[in-house]
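Shown next, in structure tokens, is the structure this report addresses.
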Amino acid sequence: MHKLSFISKSKERVKKVKLAAEERQIQEHYEKERLKMFQEEKPKHANPHAHPLSDQLHSPKRRVMSRKEMKAQTERIYSNLPEVKKKIEGQKRTQANQTNRLRAQLYKKKLMERLKGKQWTGPSI
């Protein structure tokens with residue numbers, strides 16, 4: 001009795017798996033049709049400068065760049081590197097710390113002058 005129920009449940013599981021596989025195939029087919037209908041195909045033009053026997057017939061021709069453009073592109077790429085960004089941020093932080101130290105020293109000096117009863121003669125904050 002246990003074996004009969006096991007066999008029937010197993011057959012049901014096999015049917016479910018087959019149905020799921022068929023459903024996936026149908027969905028893939030519909031997806032391909034949708035892509036064909038809504039996707040514009042751009043025709044490839046042969047590269048006139050490529051050798052007829054090379055593999056680069058359909059690769060685009062390299063754009064010629066001036067030295068100025070190359071330098072600007074290199075600087076832009078370099079400035080976007082994470083190491084460079086961290087370095088610049090560290091420099092800004094160091095500069096801010098120095099400014100804060102100077103302000104603290106001026107404040108301390110001004111306070112000491114007041115405590116001594118002298119008039120403050122330094123720059124105004």
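Treat the numbers as computed from the prediction; the structure is a model and nothing was measured.
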Gap between atom CG of Leu111 and atom NZ of Lys108 - 0.5 Å precision = 10.0 Å
inquiry  = Tell me whether Met112 at atom CE has more than 12 heavy atoms from other residues, nucleotides or ligands lying less than 6.0 Å away.
reply    = no
inquiry  = Any salt bridge linking Glu83 with Lys86? Criterion: basic side-chain nitrogen under 4.0 Å from a carboxylate oxygen.
reply    = no
key: Heavy-atom donor-acceptor pair, Glu69 side chain to Ser66 backbone, under 3.5 Å   = yes
message = So that I can tick it off, tell me whether Arg93 and Glu89 are bridged by a salt bridge, with the cut-off set at under 4.0 angstrom between side-chain N and carboxylate O.
response = yes
Hydrophobic cluster membership, Leu35 vs Tyr30, 4.5 Å side-chain cutoff = no
key: OH-OG1 distance between Tyr78 and Thr74, expressed to the nearest 0.5 angstrom   = 12.0 Å
task = Start with the C-alpha gap between Lys15 and Lys18, add the side-chain angles, then the distance that decides, and say whether side chain to side chain contact (heavy atoms under 4.5 Å, CB included) holds.
result = CA-CA 5 Å; Lys15 284 181 185 178; Lys18 284 183 183 179; 5.8 Å; no
task = Begin with the C-alpha distance, continue with both residues' side-chain angles, and end with the deciding distance and a verdict on side chain to side chain contact (heavy atoms under 4.5 Å, CB included) for Arg34 and Glu31.
result = CA-CA 5 Å; Arg34 269 190 232 114; Glu31 186 65 30; 2.6 Å; yes
note = Separation between NZ (Lys109) and CD (Glu113), nearest 0.5 Å, reads 7.0 Å
inquiry  = Quick check: closest heavy atoms across Ser8 and Ser5, and the distance to 0.1 Å?
reply    = OG-O, 2.9 Å
ask   = Under the 3.5 angstrom rule, does the side chain of Thr99 hit a backbone N or O of Gln95 as a donor-acceptor pair?
value = yes
inquiry  = Once rounded to the nearest 0.5 Å, what's the spacing between atom CG of Leu81 and atom CD1 of Ile88?
reply    = 10.0 Å
inquiry  = Pairing donors with acceptors under 3.5 angstrom, does anything connect the side chains of Glu23 and Gln27?
reply    = yes
query = Any luck finding a side-chain donor-acceptor pair between His29 and Glu33 under 3.5 Å?
reply = yes
